[in-house]
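Notes follow once the structure below has been shown.
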Amino acid sequence: MASNLVVLVFLVLIIALSAFLKADGKLSPKHYSCECPKASSIVEAEVRAAIQREKRIGASLLRLHFHDCFVNGCDASVLLDDDIAGSFVGEKTAGPNNNSLRGFNVVDDIKAKLEKACPGVVSCADILALAARDSVVYLGGPSWKVGLGRRDSLTANITAANTFIPSPTSNLTALVSSFAVQGLSFKDMVALSGSHTIGRARCTSFSTRIYNESSIDSSFAKALQRKCPLSGINDNEVAPLDIRTSTHFDIQYYKNLLNKKGLLHSDQELYNGTSADSRVKKYAADTTRFFKDFARAMVKMGKIKPLTGSKGEIRINCRKPN
Ligand code: HEM
Ligand SMILES: *[C@@H]1O[C@H](CO)[C@@H](O)[C@H](O)[C@H]1NC(C)=O
Ligand SMILES: *[C@@H]1O[C@H](CO)[C@@H](O)[C@H](O)[C@H]1NC(C)=O
Ligand SMILES: *[C@@H]1O[C@H](CO)[C@@H](O)[C@H](O)[C@H]1NC(C)=O
Ligand SMILES: *[C@@H]1O[C@H](CO)[C@@H](O)[C@H](O)[C@H]1NC(C)=O
Ligand SMILES: *[C@@H]1O[C@H](CO)[C@@H](O)[C@H](O)[C@H]1NC(C)=O
């Protein structure tokens with residue numbers, strides 16, 4: 001009898017302690033290990049299948065996590081659809097996102113699989129963090145442990161999306177400060193910009209650069225001008241952010257910068273006769289160093305203001321609050 005009581009008290013303590021640990025705002029790679037042990041492998045399989053269908057989608061998924069985290073934290077606010085009636089405006093039509101963000105259907109597919117396996121357990125914000133990591137790994141980049149336990153926002157803020165996501169026309173000072181606002185360092189900024197070793201950009205994101213700038217390789221600029229004529233008819237035409245290997249996560253992005261072949265103005269700002277040059281040179285020469293700094297910076301970015309404990313919710317459908 002007495003021993004039963006001891007066991008009972010012990011169990012209650014364990015449960016109270018684990019609830020306390022979950023509520024203390026820390027992310028943990030083991031967050032779903034009881035309630036949804038297959039969560040990570042389900043995400044991984046879906047990401048792999050999506051990239052096998054289309055290589056670029058890996059880049060698009062990585063970018064979704066970035067655009068989520070920079071706007072009031074990694075809370076899946078970026079996934080909320082506008083309300084058809086116009087009563088709710090999400091972040092999808094913000095300047096940096098409209099006609100540009102991709103991968104929402106892949107997130108829906110992942111969520112559907114997770115809801116089948118463990119209903120109401122895995123957050124959309126955690127899906128974005130896992131899918132970003134898996135995409136990088138699948139395209140040949142580094143891996144890292146993804147802390148989990150983020151919860152999903154009930155709302156979104158288009159003004160914040162327009163304010164906090166850096167612009168491709170930004171100068172170095174503006175880039176540094178938009179990362180600093182998120183608690184990310186200069187080094188984090190240069191490493192995370194290496195994401196542009198994969199994926200594509202629309203003409204509108206770099207047309208000023210290819211017609212008007214001097215720190216650009218002239219044959220590179222001319223080829224892009226043919227792709228993006230000033231008439232504007234090709235507005236949704238895209239070019240690879242890394243001219244050489246846009247489906248491989250590697251150091252080619254930094255090598256391009258050394259040759260004045262950064263696609264975006266903001267890219268070339270990292271190698272244009274400033275203090276950033278030495279860091280770009282280091283990454284251009286050292287894959288191990290870039291991978292290590294990139295992985296570390298991704299972990300940091302993934303920890304920006306997560307909703308934990310009883311804040312927010314676990315959305316059933318990533319596109320709308322429950
Ligand atoms: C440093 C400041 C940054 C600026 C100014 C910037 C800007 C842009 C722009 C303008 C595009 C092309 C969008 C379009 O034309 O549709 C783009 C694409 C992309 N960005 Fe960034 N970005 C930055 C940092 C980052 C970071 C930190 C990440 C990830 C951690 C990232 C990941 C990507 C990826 C993967 C793509 C290609 C997406 C695709 O092909 O669908 N970017 N970025
Ligand atoms: C988003 O893009 C659509 C389609 O090009 C356009 O009609 C709409 O005005 C844009 N929305 C905003 C808020 O710029
Ligand atoms: C949305 O974000 C803007 C810019 O950060 C901020 O000024 C505003 O208060 C936010 N709106 C809400 C409803 O939180
Ligand atoms: C950088 O851009 C900001 C505006 O975003 C501007 O105020 C500042 O003067 C620019 N700095 C340099 C060094 O050009
Ligand atoms: C290039 O600069 C000129 C003069 O500042 C400007 O009128 C023109 O619109 C710019 N071209 C592009 C493609 O941005
Ligand atoms: C590079 O430096 C030149 C000269 O200071 C400046 O005009 C240009 O805007 C800078 N950035 C890029 C991407 O060319």
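Numbering starts at 1 and runs along the sequence shown. Both ligands and their constituent atoms are indexed starting at 1 by order of listing.
Near Leu175, meaning under 4.0 Å from one of its heavy atoms, ligand 1 places the atoms 1 (C), 2 (C). Distances below 4.0 Å separate heavy atoms of Ala160 from the following atoms of ligand 3: 2 (O). Residue contact check: Glu213 has heavy atoms under 4.0 Å from atoms 12 (C), 13 (C), 14 (O) of ligand 6. Here is the list of ligand 6 atoms found below 4.0 Å of a heavy atom in Gln268: 13 (C). Short contacts between ligand 3 and Asn157, defined as distances under 4.0 Å to a heavy atom of the residue, involve ligand atoms 1 (C), 2 (O), 3 (C), 8 (C), 10 (C), 11 (N), 12 (C), 14 (O). For ligand 1, the atoms lying closer than 4.0 Å to a non-hydrogen atom of Gly199 are 37 (C), 40 (O).
The protein heavy-atom contact nearest to atom 32 (C) of ligand 1 is Ser195 CB, 3.5 Å. Taking atom 13 (C) of ligand 6 as the reference point, the nearest protein heavy-atom neighbour is His265 ND1, 3.3 Å. Protein heavy atom closest to atom 14 (O) of ligand 6, with residue, atom name and distance, is Ser215 OG, 2.4 Å. Closest to atom 7 (O) of ligand 6 among all protein heavy atoms lies Ser214 OG, 4.9 Å.
Close N/O approach between Ser205 and ligand 1 is found [any backbone or side-chain N/O within under 3.5 Å].
Within the 4.0 Å heavy-atom criterion, neither part of Thr204 lies near ligand 1. Of all the heavy atoms of Ser193, the ones lying under 4.0 Å from any atom of ligand 1 belong exclusively to the side chain.
Atom CZ of Arg202 sits in a crowded spot, with more than 12 heavy atoms from other residues, nucleotides or ligands closer than 6.0 Å.
Note on ligand 1: Ser170 sits outside its first shell, no heavy atom being nearer than 4.0 Å. Ligand 1 has no atom lying under 4.0 Å from any heavy atom of Phe206.
Here atom 2 (O) of ligand 6 lies nearest to Asn272 when heavy atoms of Asn272, Thr169, Thr208, Leu264 are compared. Counting only non-hydrogen atoms, the option in His196, Arg63, Met298 that gets closest to atom 21 (Fe) of ligand 1 is His196. Looking at Leu241, Leu61, Ile57, Leu192 and measuring to atom 37 (C) of ligand 1, the nearest heavy atom belongs to Leu241.
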